[in-house]
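Just follow the structure's listing: the first ligand is 1, and inside any ligand the first atom is 1.
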Amino acid sequence: MHLRIFSLLAATIFFANSFAQDRYDTIIRNGRVIDGTGTPWYEADVAINDDRIVRIGDLSSASANQVIDASGLVVAPAFIDPHTHALRGIFDVPNAESALLQGVTTLTEGNDGSSPFPIDEHYSEIEDLGISPNWSVFVGQGTIRSLVVGSEDRDATPVEMERMRTMMRDAMEQGALGISTGLFYVPGSFTPTEEVIELSRIAAEYGGIYISHMREEAAQLIDSVNETIRIGEEAGIPVQMTHHKVIGVENWGASVDSLRLVDEARARGVDITIDQYPYTASQTGITALIPQWAQEGGNEQMLARINSPETRQTIKNEVVAKILYDRGGGDPKNVFISRNSWAPDMAGKNLAELAIEAGKEPTPENAADVVFDIIRGGGATAVYHAIGPDDVDRIMQHPATAIGSDGPVGIFGEGAPHPRQYGTFARVLGYYVRERGIITLEEAVKKMSSQTARRLNIHDRGLLTPGYFADIAVFDADEIIDMATFEDPHQYAVGMKYVLVNGEVVVEDGRHTGRRPGRILYGPGYTGN
Ligand SMILES: [Zn+2]
């Protein structure tokens with residue numbers, strides 16, 4: 001009797017084991033697997049249990065609770081966006097359709113020197129909200145400096161330096177991915193390189209990285225690349241030149257030199273990498289046209305300088321120069337207002353049109369007056385068409401370049417934003433890979449997944465391999481494309497069929513399911529576990 005029970009039990013255990021091996025929560029069948037390493041695609045099935053990939057291979061004899069037929073489709077690790085401004089939009093749109101419908105399942109905030117702070121409170125807020133994608137942040141050097149030094153153009157005192165170091169430590173221990181700077185923006189623009197190096201050393205101690213919107217991306221681009229390399233070298237920290245580009249027609253072609261500097265730095269052991277968005281226009285505040293010295297001390301002081309007869313003409317000359325040789329791309333009609341809370345009608349109009357509406361000729365001088373009026377009214381965000389297209393191609397082909405959007409979460413129908421938030425990843429796959437052959441599909445997937453995961457120290461995502469989290473994008477390589485244009489930006493990308501986040505289907509047949517399985521991805525120094 002005892003023996004019978006025992007053998008029955010053994011048989012049951014054996015049966016349960018073999019059952020577990022052949023039945024999975026989900027199988028994605030018959031797809032072309034592009035695993036994120038850059039290896040050429042191969043045909044295979046992908047099995048998932050709970051939130052992890054458990055097997056890849058011929059699983060035709062296995063069964064699953066849920067089967068996704070990927071015949072004719074690419075199955076890839078879902079995409080990781082290393083540079084977003086997703087704090088804008090995520091609380092309105094926690095489903096983040098603009099990202100998910102491109103296969104992006106991890107959003108990184110806190111770029112350009114500006115981040116939420118403190119980091120632990122921010123992470124709790126996102127967790128309470130519940131969102132579809134995974135989420136992580138850098139700590140912003142500009143944010144820390146604003147809290148300690150303000151927006152004055154001066155060095156930090158030793159006491160202030162110590163406070164900033166402590167804040168940096170706290171941020172890393174609370175799970176920041178590293179330190180971001182926006183040395184182009186106030187107060188980053190007032191920060192000496194040595195101060196950035198000091199704080200970056202702390203991020204490095206915790207295994208973090210340095211990601212930078214550099215001091216200048218037009219005539220002084222090469223100086224800025226050298227500064228970025230120096231920070232990496234002296235702080236002993238991996239660095240990423242974010243949204244690398246060349247602004248201003250006169251400077252186009254400078255990526256030949258910038259990429260050479262990257263290669264030389266890498267050759268001598270500086271771990272420098274790049275990310276970029278695939279467009280020839282940028283988007284930032286209208287104050288990008290105002291010289292930084294005129295922005296010192298904040299908005300009121302800037303307005304006082306614009307309104308003062310003593311400084312007004314000097315500022316105006318510099319705005320005109322920026323329209324002619326820098327971000328304005330040589331003509332006021334290249335600068336479009338994208339978002340303007342106090343005069344929403346302005347969205348979509350360019351500075352030439354706004355000058356004409358004000359009864360003036362569309363000259364750079366009159367456009368400068370329009371800029372002053374916009375700042376007096378309360379400011380605006382603008383799109384600047386001034387990035388060299390050949391530089392975009394060249395930067396994309398560099399092996400150290402990853403893809404990032406620099407965009408917020410799309411709030412459908414609001415304003416006339418840069419289309420990158422809806423289109424970046426689909427545009428690389430559709431326009432740069434399929435239509436123009438600038439890079440291969442396998443390279444593109446790698447630049448959107450494993451390369452960024454490695455860079456951000458996310459060690460269990462970004463590849464299709466057993467044991468890794470099941471963040472997976474299934475798309476039609478013949479169909480995927482961005483639909484959002486500068487004229488008509490509020491359009492989701494097409495061609496993304498299924499997207500899984502932590503094993504849950506968030507996009508099904510090209511539609512968002514409403515699920516919100518996104519998690520916080522804590523940085524390498526996190527001590528909260
Ligand atoms: Zn930026």
- Message: Around atom OH of Tyr325, are there more than 12 heavy atoms from other residues, nucleotides or ligands closer than 6.0 Å?
- Response: no

- Task: Could you tell me which N, O or S atom of His213 is nearest to the Zn ion (ligand 1)?
- Result: ND1

- Message: Restricting to N, O or S, what is the name of the atom of His243 that lies nearest the Zn ion (ligand 1)?
- Response: NE2

- Please confirm if an N, O or S atom belonging to His83, backbone or side chain, lies less than 2.8 Å from the Zn ion (ligand 1). no

- Examine all N, O or S atoms of Asp112, backbone included, and report whether one is under 2.8 Å from the Zn ion (ligand 1). yes

- Query: Does a donor on one side chain sit under 3.5 Å from an acceptor on the other, for His244 and Thr401?
  - Reply: no

- Considering non-hydrogen atoms only, spot the tightest contact between Phe425 and Gly404 and give its length. CZ-CA, 4.3 Å

- Can Thr84 and Ser405 be counted as having a side-chain donor-acceptor contact under 3.5 angstrom? no

